[in-house]
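To start, the structure itself, in structure tokens.
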Amino acid sequence: MRVVFMVAEKPSLALSLAQILSHKTCTSRKGSNGACSVHEWEGKFRGQHVLFKMTSVCGHVMSLDFPGKYNNWDKVDPVELFSCPTEKKEATPKLRMPAHLSREARGATYVVLWLDCDKEGENICFEVLDEVESVLQPPARNEQTVFRAKFSAITEVDIRKAMDNLIEPNENEAKSVDARQELDLRIGCAFTRFQTRFFHDKYGNLDSSLISYGPCQTPTLGFCVSRHDAIQSFSPEPFWVLQPILEVNGSRRLTLEWERIRSFDQEVALVFQNLIRDEKRARVLSCSKNEKVKQRPQALNTVELMRVASSGLGMSPHHAMQIAERLYTQGYISYPRTETTSYPKNFDLIGTLKRQQSSNHWGAEVTALLAAGICRPRKGQDVGDHPPITPMKPVSIDALDSDSWKIYDYIVRHFIGSLSYDCKLMSTNIIFAIGSERFSCSGKTVVDPGYTAVMTWKLPKDEESVPILAVGTTFEIKELKLLERQTSAPDYLTESEVITLMEHHGIGTDASIPVHINNLEQRNYATVGSGRRMIPTPLGIALVHGYQKIDPDLVLPTMRSAVEEQLTLIAKGKAQFEDVLHHTLEIFRLKFLYFVKNIFSMDQLFEDTFTSLSEAGKNFSRCGKCRRFMKLVGGKVARLHCSRCDDTYSLPQNGSFKLYSELKCPLDDFELLTFTSHKGKSFLVCPYCFNHPPFKDMTKSVGCNACTHPSCPQSLNNNGICGCTDCDSGVLVFDPSSGPKWKLSCNKCDLVLNLFNEAFKVLVLDDNCEKCDSQLVSVEYKADKTKLANAEVKSKGCIFCSEHLQNLVERGYQMNRGRGRGRGRGSYRGRGRGRDQGRGKSKPKDKMAALAAYFV
């Protein structure tokens, strides 16, 4: 029997597709990577009886990166990144996705790709094909074996229609994504590395771990800073307004608006006031009534959804799109990433509307609309990607969390509103004459709410209605005021306004726009104030002003929009991948060289804004070179700076530091520090070794828990217990600085075990456990605090196999993934350790079971 191998983009989507295509008869099992299930059933495909296998990926299978030697910031000139090799690496190594795909696809004849129907999804299609093509068994005859399913909603009708109309994957669209990834990687990394190293080595209160540049991110920040500059440079200007107040129909008072609107010259305003000061009555020149229409909305696309989520629902665009993705995979809405605002001609508007008829929230409006007949939707733009965002099936408010319901509620109401009638208003406008000057007053009332009956927040508020007055009648002037007012500064841009600017200038895609906005906040370039207004920080302002002084193109939106146009040509097959890549990279390489040569222009702005390293921080630990105190510079970017040597040493981030018993590293004489992360994990670190690994097998930015020094009492070789139970490459290492709340933690992942609380002394011994090969430990308590059996004060054994020690091991704060999964035993090997070579070389055979039994 032939096998049809099918791949979706997410595990939840794979399950939904399998249940629809198999009529809920599929069987499910865990995949080889433990994260993605495999669903199987038998059926017909191209006239043959086949076995279907449906599984999934978790987003991109591979990511683009530089080879290892080019990731050393100290040894690689950033300009090399414009031309050095790149390579594809597993996007999430822990998931072992390539191995999972190749194993499950082995022996299959056909491949059907159910990835999201956008350019990113198209790119993932070819990532999947790269992993499975070598293990397929194509038929002897020449026939198509790779298929692409195009769908926009997770409903039975849409999915079966997609299955009946399979096409080929679009390689041009996939290449356009490859080009964008490579451009963003090379350009972003080159500028980011240079800026980060240059400014982190000079200033202490930057409060950002990366001083990054992004071809989309930076122009977006430019919009926010331009508005900030306009606010700062604004100078309020006084103006004067004439405001008469009339009395009509006995007791009704009308406040009139001056036809000249305002005067910026007080003396001129006084002249006009004096001209009509003696007038006692105002005469009606005209009274008109006009019906006005407030148009129903066009069909909903991604950008409009993000705008409304920010301005009306109080959500960040990034959060809103995460919710929309989840609603889509649950089958409640159609695909949420689309630029189209026009419903397809064959779209079942009536059927989709009828599904919402039973709702307690908008069912009455739907019933009334169906009875009256739907209005023809406004003509929008069809860009050929996906239909607009619409509801696909009803859901109760209790089935969703608060934010999910807000998004779903808006999508449904917008869909109903787009099929409803326009809102009709009656506007009344009266023109008065007072002497030689003209004044007016107006009001409006709602005649027919139309679509605003369901989109209630758009219902116009009835302005105070005005009476119908006969032309030529006069009314007494009760007051004549000359009011002094001031012009006001513009406000900061809202997220909604930033999204509009990004869309207008062609910056980013519907998928990347929320990411770029989120990055500005995450990297401390802008904060979100009240009303979700984006307020640039001093760092963001200094960066943009610096780019403007050196090369305005780097911050203007025109550069990125031009690049996006070239990427679109690749997607349409009208431009070659290599030509676009080479041309764009050469332009930015020359700009980078000019930027580096003129960095002093930006540096002058930083000098005026931030504190130098020599003036920041507090004395903390001694330098191993000069023996003078180094200053600890805190904030988001922890560093040690020696003003005597003019050296800066990076440190682990997101935690706190303290000196460890004034002990020094035996290799460089720097004082050792204890680092404790905000989540509770702790380990020792030597500032110099952290930045300059002393052994070839050590990577940069690791602590003593990964140091392979053969004899140092603080190193991995002397404190490693065994391979980690929760990841494939880590080692569980004892933290000698953690007492009396002793900890055992992985030097790779977040696993932490608390053990031997309040023990007086804990040591890792040279002996191995006979059962599991872990290192034995010795624990010693004071007599009045012992927790050992039979009131013993000292004992030794294996913390996994010795019952009297097992009970003294507790789950740590960071052990958030529960017990191990019984896979990938892994190993670690000490290097340069003489007789101790191979200590703790493997995970104990029964340790997984022991931990599972204990933590259950």
Side-chain angles (χ1 to χ4, degrees), residues 73-74 76-82 183-184 186-234 505 507 516 519-520 523-526 534-563 584-616 633 635-637 639 641 646 648:
W73 288 32
D74 297 321
V76 177
D77 186 338
V79 75
E80 294 182 41
L81 302 181
F82 286 97
L183 289 173
D184 289 349
R186 293 184 184 276
I187 298 168
C189 284
F191 279 91
T192 298
R193 289 189 189 183
F194 173 73
Q195 291 177 170
T196 301
R197 289 297 304 274
F198 184 87
F199 292 118
H200 274 180
D201 288 346
K202 295 192 68 174
Y203 302 102
N205 57 338
L206 296 179
D207 212 24
S208 181
S209 57
L210 284 177
I211 313 300
S212 61
Y213 174 86
C216 290
Q217 166 198 293
T218 302
T220 303
L221 177 61
F223 295 139
C224 303
V225 175
S226 293
R227 177 57 64 88
H228 168 83
D229 292 342
I231 294 171
Q232 295 301 308
S233 62
F234 179 81
H505 290 283
I507 296 177
H516 299 313
N519 284 343
L520 296 184
R523 295 172 184 176
N524 197 40
Y525 298 151
M534 300 192 67
I535 305 169
T537 64
L539 176 58
I541 294 167
L543 278 172
V544 169
H545 288 171
Y547 294 132
Q548 290 171 339
K549 289 183 70 174
I550 300 173
D551 184 353
D553 280 347
L554 293 175
V555 76
L556 290 176
T558 50
M559 282 289 290
R560 185 59 186 193
S561 59
V563 172
T584 306
L585 286 176
E586 182 61 18
I587 291 175
F588 274 95
R589 187 185 70 85
L590 295 174
K591 287 185 173 294
F592 175 77
L593 292 173
Y594 184 78
F595 178 78
V596 171
K597 184 179 180 180
N598 293 277
I599 189 64
F600 66 88
S601 296
M602 182 182 282
D603 191 32
Q604 290 173 348
L605 298 174
F606 274 66
E607 283 181 357
D608 296 336
T609 308
F610 303 105
T611 305
S612 66
L613 275 177
S614 59
E615 298 174 355
V633 182
K636 288 188 177 180
V637 189
R639 287 159 287 165
H641 178 68
D646 196 23
T648 304

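All values below come from the heavy atoms of this structure, side chains included, with hydrogens, waters and symmetry mates left out.
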Query raised in the report: Can a salt bridge be assigned to the pair R639 and D201 using a cut-off of 4.0 Å between side-chain N and carboxylate O?
Result: no
Query raised in the report: Are side-chain heavy atoms of R589 and L593 found at a separation under 4.5 Å?
Result: yes
Query raised in the report: Any idea which heavy atoms bring L520 and M534 closest together, and the distance?
Result: CD1-CE, 3.9 Å
Requested in this report: Quick one: sort the F592 and F194 rings into parallel, tilted or perpendicular, breaks at 30° and 60°.
Outcome: perpendicular
Requested in this report: Search all heavy atoms of G222 against all heavy atoms of V555 and return the closest pair with its distance.
Outcome: CA-CG2, 3.9 Å
Report task. Please report the shortest heavy-atom distance between T611 and A616, naming the atom on each side. Result -> CG2-N, 4.1 Å
Query raised in the report: How long is the span from the CG atom in L543 to the CZ atom in R523, to the nearest 0.5 Å?
Result: 11.5 Å
Query raised in the report: When rounded to the nearest 0.5 angstrom, what is the spacing between OG1 in T220 and NE2 in H516?
Result: 6.5 Å
Query raised in the report: Okay, side chain of T196, backbone of I211: is any donor-acceptor separation there less than 3.5 Å?
Result: yes
Query - Donor-acceptor under 3.5 Å (Y525 side chain, S212 main chain) - result: yes
Query - Contact check, side chains of Q548 and V225, non-hydrogen atoms, under 4.5 Å - result: no
Report summary line: For H200, the ring-ring contact (aromatic ring centres under 6.0 Å, His included) test, sequence neighbours excluded, returns none
Report task. Taking side chain to side chain donor-acceptor pair (under 3.5 Å) as the test, write out the residues that go with N524, two or more places apart. Result -> none
Report task. For residues F610 and K202, determine if any side-chain heavy atom of one lies less than 4.5 Å from a side-chain heavy atom of the other. Result -> no
Report task. Would you indicate whether Y594, at its atom OH, is surrounded by more than 12 heavy atoms from other residues, nucleotides or ligands within a distance under 6.0 Å? Result -> no
Requested in this report: For residues I187 and L81, determine if any side-chain heavy atom of one lies less than 4.5 Å from a side-chain heavy atom of the other.
Outcome: no
Requested in this report: Taking the side chain as every heavy atom from C-beta outward, state whether E586 and F82 have any pair of such atoms under 4.5 Å apart.
Outcome: no
**Report entry** Y213/Y547 aromatic ring centres below 6.0 Å
**Finding:** yes
Requested in this report: Indicate the atoms forming the closest heavy-atom contact of L539 with S208, along with that distance.
Outcome: CD2-CB, 3.5 Å
Requested in this report: Using ring-ring contact (aromatic ring centres under 6.0 Å, His included) as the criterion, list what pairs up with F588, not counting sequence neighbours.
Outcome: none
Requested in this report: Write down the atom of G540, the atom of L221, and the distance for their closest heavy-atom approach.
Outcome: O-CD2, 3.8 Å
Query raised in the report: Which value, rounded to the nearest 0.5 Å, describes the distance between L554 atom CG and R560 atom CZ?
Result: 13.0 Å
Query raised in the report: Taking the side chain as C-beta and beyond, is there a heavy-atom pair between H228 and V544 under 4.5 Å?
Result: no
Query raised in the report: Are the side chains of H505 and F223 in touch, meaning some heavy atoms are under 4.5 Å apart?
Result: yes
Query - Sub-4.5 Å side-chain heavy-atom contact between D74 and R197 - result: yes
Query raised in the report: Would D603 and K549 pass as an ion pair if we require N to O under 4.0 Å?
Result: no
Report summary line: Heavy atoms of P557 and P219 approach each other most closely as CA-CB, 4.0 Å
